[in-house]
Amino acid sequence: YPPGYPTLLAVLPGERLITSAFAVNAVAGAATLLVVWAAARRLGGTVAAFVTMAVVGAHPLFVTQVLTTGADVLFVLCALSGAFLLFEAMTGDAPS
């Protein structure tokens with residue numbers, strides 16, 4: 001695992017580590033779907049965003065990673081968010 005994941009597990013609240021880690025994965029999965037929706041909406045519109053979010057959310061690998069405690073969903077969330085922010089910075093309006 002990446003070094004940040006054990007650190008995150010050490011600071012999670014609650015008596016049961018597995019429950020807390022599962023909750024973090026569920027939140028990261030939901031946030032990943034929101035980033036997917038925002039990126040698809042920016043590129044293709046609202047209908048395309050909902051279709052894309054549904055397809056990604058129903059993909060078996062995504063479902064498996066969200067329902068399994070591990071650092072994979074957090075990494076995907078960070079990578080996807082960074083790529084979307086970079087895209088926005090490159091294609092957005094220049095600040096005045």
Nearest 0.5 angstrom please: Leu12 CG to Phe22 CZ, how far?
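One finds 13.5 Å between CG of Leu12 and CZ of Phe22.
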Honestly curious: do [X] and [Y] fall in one hydrophobic cluster under the side-chain, below-4.5 Å linking rule?
X: Leu33; Y: Phe87; value: no
X: Phe50; Y: Val56; value: yes
X: Leu77; Y: Val24; value: no

Where is the tightest heavy-atom contact between [X] and [Y], given as atom of each residue plus distance?
X: Thr69; Y: Asn25; result: CA-ND2, 3.5 Å
X: Ser81; Y: Val35; result: OG-CG2, 3.6 Å
X: Ala40; Y: Ala48; result: CB-O, 4.2 Å
X: Gly29; Y: Val73; result: N-CG1, 3.5 Å

Evaluate whether atom CZ of Phe75 has more than 12 neighbouring non-hydrogen atoms of other residues, nucleotides or ligands under 6.0 angstrom away.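 Open.
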Above 12 or not: heavy atoms from other molecules or residues under 6.0 Å from CZ of Arg42?
-> yes
In Leu74, Val27, Val76, the residue satisfying side-chain contact (heavy atoms from CB on, under 4.5 Å) with Thr32 is Val76
**Message:** Just to verify, which of Asp72, Thr64, Val66 counts as forming a side-chain contact (heavy atoms from CB on, under 4.5 Å) with Thr68?
**Reply:**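 Only one of Asp72, Thr64, Val66 forms a side-chain contact (heavy atoms from CB on, under 4.5 Å) with Thr68, namely Thr64.
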